[in-house]
Amino acid sequence: DAGLVSCEPGQRMAHTDWFRIDIEGVSAHGSMPHKGVDAIVVGAEMVTALQILVSRDVSPFEPVVVTVGEFHGGEARNIMAGSAYLTGTVRTWSDRLRAEVPDRLERIVGKIARAFNAEARFTFESGNAGLANDPACAELARRAVVEVLGEEAVGSYEGTLSGEDFSEYLRRVPGVFAFIGCRNPEVGAEHPQHSCYYEVDESVLVKGSMVAAQWALDALLETKETFEIKDGEGNTVRLGLYPSSLGKMALMSKRLLDLDLTLDTFDGSDPLREMWRICAERPRQVAEIIALATLQTKREIEESLEERTQL
């Protein structure tokens with residue numbers, strides 16, 4: 001529902017892959033089906049048979065979905081189609097099953113084609129990997145939700161076999177993908193994604209920005225930054241430093257001058273909470289400020305230590 005935020009750890013979305021089946025039969029007049037091989041009949045048999053993978057070929061405890069989304073064939077109402085093609089998607093949860101699915105589907109397609117004296121070409125395309133949240137980042141996100149929206153805003157969502165290309169980022173660096181509820185019947189936002197009636201409760205956009213800004217700031221304050229510098233003798237020195245809250249607030253205040261805002265302009269008694277409001281109103285600009293502040297912190301530390309080694 002609108003206002004709830006789910007950011008549980010572990011896998012949250014499925015592997016998303018795609019397939020296409022091209023069928024070659026023999027065209028004939030509809031009144032003389034014995035003289036041809038109907039590609040549409042062959043394709044229809046395949047649509048049904050592909051579900052064997054889900055219902056009989058895979059453990060019922062293992063999530064998998066096979067969906068045929070396109071079926072094209074034929075050129076006239078009284079002519080048996082000489083060719084047809086199907087396209088669809090496969091969603092899997094485990095890496096092992098994802099690797100096995102292409103061969104299993106191709107086997108089903110090939111045997112049906114031969115049974116009907118047709119030919120079929122099966123093409124499989126790997127898409128996005130499954131999306132999995134890093135446990136530490138997920139916990140940081142949960143705390144961010146509580147901080148800016150309250151404990152009651154922490155939602156629970158079992159995950160989905162939908163796919164998301166953000167997973168490619170999470171395969172390379174730790175992170176978190178949060179689900180923000182947007183269903184609200186009072187504003188007509190009650191239809192699922194991909195429905196032509198789909199609407200969202202846009203009030204949740206501000207809440208999502210607040211959580212994202214809070215998470216980014218908390219991550220900056222809690223994450224240990226490692227820098228490499230050269231000492232006076234040319235040796236590499238590695239330093240691990242935790243940015244202080246005061247230092248980060250000072251840098252943020254300095255950069256917020258670009259938005260004509262400083263800590264002195266905050267009208268609340270709690271400057272941190274007022275900053276969250278600014279982050280929610282201008283998330284893109286504030287994200288750029290945070291990035292610049294982080295880079296500046298690194299440069300200042302490196303320059304300071306280089307100066308000391310030269311003394």
Side-chain angles (χ1 to χ4, degrees), residues 11-132 159-168 171 191-196 198:
Q11 189 158 346
R12 310 292 291 134
M13 304 181 83
H15 301 295
T16 305
D17 301 311
W18 312 93
F19 64 87
R20 174 174 171 135
I21 304 169
D22 289 276
I23 305 166
E24 292 296 331
V26 178
S27 182
H29 195 277
S31 65
M32 295 177 283
H34 58 290
K35 293 187 176 182
V37 176
D38 194 334
I40 289 180
V41 171
V42 177
E45 190 72 22
M46 290 179 180
V47 171
T48 302
L50 290 177
Q51 298 308 316
I52 292 176
L53 176 73
V54 178
S55 64
R56 292 295 181 269
D57 206 25
V58 173
S59 167
F61 295 102
E62 191 156 14
V64 58
V65 169
V66 178
T67 297
V68 175
E70 289 184 282
F71 192 156
H72 301 274
E75 298 179 357
R77 60 187 179 182
N78 63 334
I79 304 297
M80 286 199 325
S83 63
Y85 73 88
L86 317 173
T87 69
T89 183
V90 179
R91 309 300 169 96
T92 51
W93 204 255
S94 74
D95 294 335
R96 177 191 59 77
L97 184 57
R98 186 191 194 191
E100 296 175 358
V101 159
D103 289 340
R104 295 188 183 189
L105 293 181
E106 187 171 20
R107 183 182 70 246
I108 293 172
V109 168
K111 290 184 179 298
I112 290 176
R114 286 193 292 275
F116 283 86
N117 200 28
E119 295 182 1
R121 183 173 66 257
F122 179 81
T123 306
F124 194 86
E125 178 184 354
S126 295
N128 301 319
L131 185 147
T160 173
L161 267 72
S162 298
E164 170 58 54
D165 55 10
F166 188 75
S167 64
E168 299 302 320
R171 292 177 65 191
H191 299 282
Q193 290 176 316
H194 303 304
S195 165
C196 60
Y198 180 65

Between N128 and R98 the two heavy atoms that sit nearest each other are O-NH2, 3.5 Å
Polar side-chain atom of Q11 near backbone of M13 as donor-acceptor pair, under 3.5 Å: yes
Taking the side chain as everything from C-beta on, heavy atoms only, tell me whether D17 gets closer than 4.5 Å to V101.
no
* Asked: If you count the non-hydrogen atoms of other residues, nucleotides and ligands that lie under 6.0 Å from CZ in R121, is the total more than 12?
  -> no
Taking every heavy atom of R91 against every heavy atom of A14, the minimum-distance pair comes out as CB-CB, 4.2 Å
The complete set of ring-ring contact (aromatic ring centres under 6.0 Å, His included) pairs with one or both residues in residues 29-77, sequence neighbours excluded, reads H72-Y85
Handout entry: Flag side-chain contact, heavy atom, 4.5 Å: R104 against V90
Key = no
In this structure, CG of D57 is separated from CG of L50 (nearest 0.5 Å) by 11.5 Å
Taking the side chain as C-beta and beyond, is there a heavy-atom pair between P33 and D38 under 4.5 Å? no
Would you find a donor on one side and an acceptor on the other, under 3.5 Å apart, between the side chain of S27 and the backbone of M80?
yes
| query | Has R12 got its NZ or CZ under 6.0 Å from the middle of the six-membered ring of W93, at an angle within 45 degrees of the ring axis? | reply | no
**Message:** Is there a side-chain contact between T123 and W18 in this structure, where contact means two heavy atoms from C-beta onward sitting under 4.5 Å apart?
**Reply:** no
Q | Heavy atoms from other residues, nucleotides or ligands near CD of E164 exceed 12 (cutoff 6.0 Å) | A | yes
Heavy-atom nearest pair, A129 first then S167, reads O-OG, 2.8 Å
Output for pair (F166 CZ, L131 CG), nearest 0.5 Å, gives 7.0 Å
With sequence neighbours left out, the residues meeting side-chain contact (heavy atoms from CB on, under 4.5 Å) with M46 are I21, I23, V42, L86, V109, I112, A113, A120
Worksheet item: Any side-chain heavy atom of E62 within less than 4.5 Å of one from S94?
Response: yes
To the nearest 0.5 Å, atom CD of E45 lies from atom CD1 of I108 at 11.5 Å
Is it the case that the side chain of T89 and the backbone of T67 share a donor-acceptor pair, with hydrogens and angles ignored and the cut-off at 3.5 Å? no
Closest non-hydrogen contact found for Y198 with P192 is CD1-O, 3.4 Å
When every non-hydrogen atom of F122 is compared with those of E106, the smallest separation belongs to CD2-CB, 3.7 Å
Practice problem: For E75, look at atom CD and say whether over 12 heavy atoms of other residues, nucleotides or ligands are found less than 6.0 Å away. | Solution: no
**Heavy atoms from other residues, nucleotides or ligands near CG of N78 exceed 12 (cutoff 6.0 Å)** = yes
Item to check | Residue R96 excluded, over 12 heavy atoms near CZ under 6.0 Å | outcome: yes
Tightest non-hydrogen contact, residues D95 and H15, listed as OD1-NE2, 2.8 Å
